[in-house]
Number of protein chains: 2
Amino acid sequence: MNTDADNFAQLLKNNGVSVTTARRAIFHTLRDADEPLKNGEIARRTPTVDRASVYRTLELFARLGITETVMRGWTPYTELAEPFTPHHHHIICENCGKVVEIENDTLEDVLNLVASRYDFALQKHVVELSGLCADCRAKTTRQAA
Amino acid sequence: MNTDADNFAQLLKNNGVSVTTARRAIFHTLRDADEPLKNGEIARRTPTVDRASVYRTLELFARLGITETVMRGWTPYTELAEPFTPHHHHIICENCGKVVEIENDTLEDVLNLVASRYDFALQKHVVELSGLCADCRAKTTRQAA
DNA sequence: AATAAAATTGCGACAACATTGCAATTATTA
DNA sequence: TAATAATTGCAATGTTGTCGCAATTTTATT
């Protein structure tokens with residue numbers, strides 16, 4: 001078991017970069033959080049590693065596809081990508097901030113369809129949806145009327 | 001004519017905030033660029049307005065839905081939203097950086113469908129697709145084989 | 001297991017980006 | 001056009017991200 005950590009190490013080796021304690025530490029921070037974090041926050045939660053190294057590592061992770069970036073408000077958040085976390089998207093309530101993970105094959109299919117229509121081979125995609133959740137919609141409607 | 005600027009002024013008034021030269025200047029910067037800009041870049045391109053005011057204004061614009069934010073790489077970019085710019089998405093080639101605007105109703109429909117399935121009333125969405133364009137795919141394939 | 005070579009890290013200094021309080025200015029209202 | 005309210009600029013400060021280089025750690029080799 002502990003397959004994730006192993007896959008992670010393997011992935012680094014396959015790409016000809018070293019498997020270091022710093023990289024493991026940052027990977028674990030991401031793993032433990034299991035939700036998107038600001039880059040600064042990742043640095044803060046990994047005090048054993050220097051800020052500069054954190055950023056360099058994060059850049060590496062992104063390049064190797066270990067992490068992905070999502071937008072929340074105006075700030076970019078980083079989270080582990082596909083092999084280490086199930087593929088999903090978020091939908092955020094603009095009023096209460098509730099975040100729900102969504103998984104939907106139709107959505108994926110349509111994205112690929114659209115891409116191919118423009119003669120692109122889709123590699124990555126970011127989908128961020130936001131609106132009003134049922135609860136807030138009820139409240140808002142009440143006071144709006 | 002000059003409807004856009006009028007709509008803009010109207011929108012501010014409707015929301016009970018002042019129509020100021022600073023706000024007009026920033027609006028024009030966005031308008032002239034007609035592509036997403038980093039917030040810092042917006043400040044740089046609007047030297048008549050103090051940086052602090054630019055950020056405060058940008059925050060206001062976002063709140064009023066005048067602007068939207070898209071992610072490119074790790075940095076958030078701001079661009080004018082719906083009423084002032086036609087609704088569209090981008091697909092970016094990871095190799096040559098080519099950016100193509102896409103417009104597709106099916107995509108929109110699916111997004112709404114998905115949202116409603118989670119009991120959300122969709123208000124905004126960000127969709128960023130990236131992959132390989134036809135040209136680059138041809139080249140890449142050649143050398144990969 | 002020991003060592004040489006290569007890769008990565010931490011450090012310190014720095015640059016860019018963003019935020020805050022407050023006095024001066026500008027827009028709005030009557 | 002004067003009074004009031006909103007917004008701006010300024011200046012100081014915090015935060016985030018970057019860079020070069022010497023010290024350390026990892027990896028490859030024996």
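Only heavy atoms go into these numbers, but all of them, side chains included; no hydrogens, no water, no symmetry mates. Proteins get letters first, then strands, A, B, ... in listed order; numbering begins at 1 in each.
Atom C1' of nucleotide dT18(D) and atom CG of N39(A) are separated by 13 Å, given to the nearest angstrom. One interatomic measurement links the two molecules: CZ of R44(A) to C1' of dT16(D), which rounds to 9 Å at whole-angstrom precision. As rounded to whole Å, 7 Å separates atom P of dT18(D) from atom CD of E59(A). One interatomic measurement links the two molecules: NZ of K13(B) to P of dT28(C), which rounds to 6 Å at whole-angstrom precision. Counting to the nearest Å, the P atom of dA15(C) and the OH atom of Y55(A) are 18 Å from each other. With rounding to whole Å, D50(B) atom CG is found 17 Å from dA23(C) atom P. Computed from coordinates, the N15(B) CG to dT7(D) P distance equals 11 Å when rounded to whole Å. Taking atom CZ on R51(A) and atom P on dA13(C), their separation rounds to 14 Å, with Å as the unit.
Picking from dC17(C), dC11(C), dT8(C) the nucleotide with the shortest atom distance to the side chain of R23(A) gives dT8(C). Picking from dA27(C), dT8(D), dG10(C) the nucleotide with the shortest atom distance to the side chain of S53(A) gives dG10(C).
Closest non-hydrogen pair, A9(A) versus V19(A), comes out as O-CG2, 3.8 Å.
Using a 4.5 Å heavy-atom threshold, the side chains of E68(B) and T78(B) count as separate.
Where V49(B) and V17(A) each meet DNA chain D at their nearest nucleotide, the meeting point lying more 5' is that of V49(B). For the pair V19(B) and R56(B), nearest-nucleotide mapping onto DNA chain C gives the more 5' position to R56(B).
Residues that satisfy the side chain to side chain contact (heavy atoms under 4.5 Å, CB included) test with S18(A), not counting sequence neighbours, are T20(A), R23(A).
Nucleic acid contact for A22(A): sugar-phosphate only, since backbone atoms but no base atoms lie under 4.0 Å from a heavy atom of the residue.
Using a 4.0 Å cut-off, no side-chain N or O of T20(A) falls inside it from OP1 or OP2 of dT25(D).
For Q10(B) and D6(B), the side-chain atoms include no donor-acceptor pair closer than 3.5 Å.
Using a 30° and 60° split on the angle between ring planes, F8(B) and F27(B) fall in the parallel class, below 30°.
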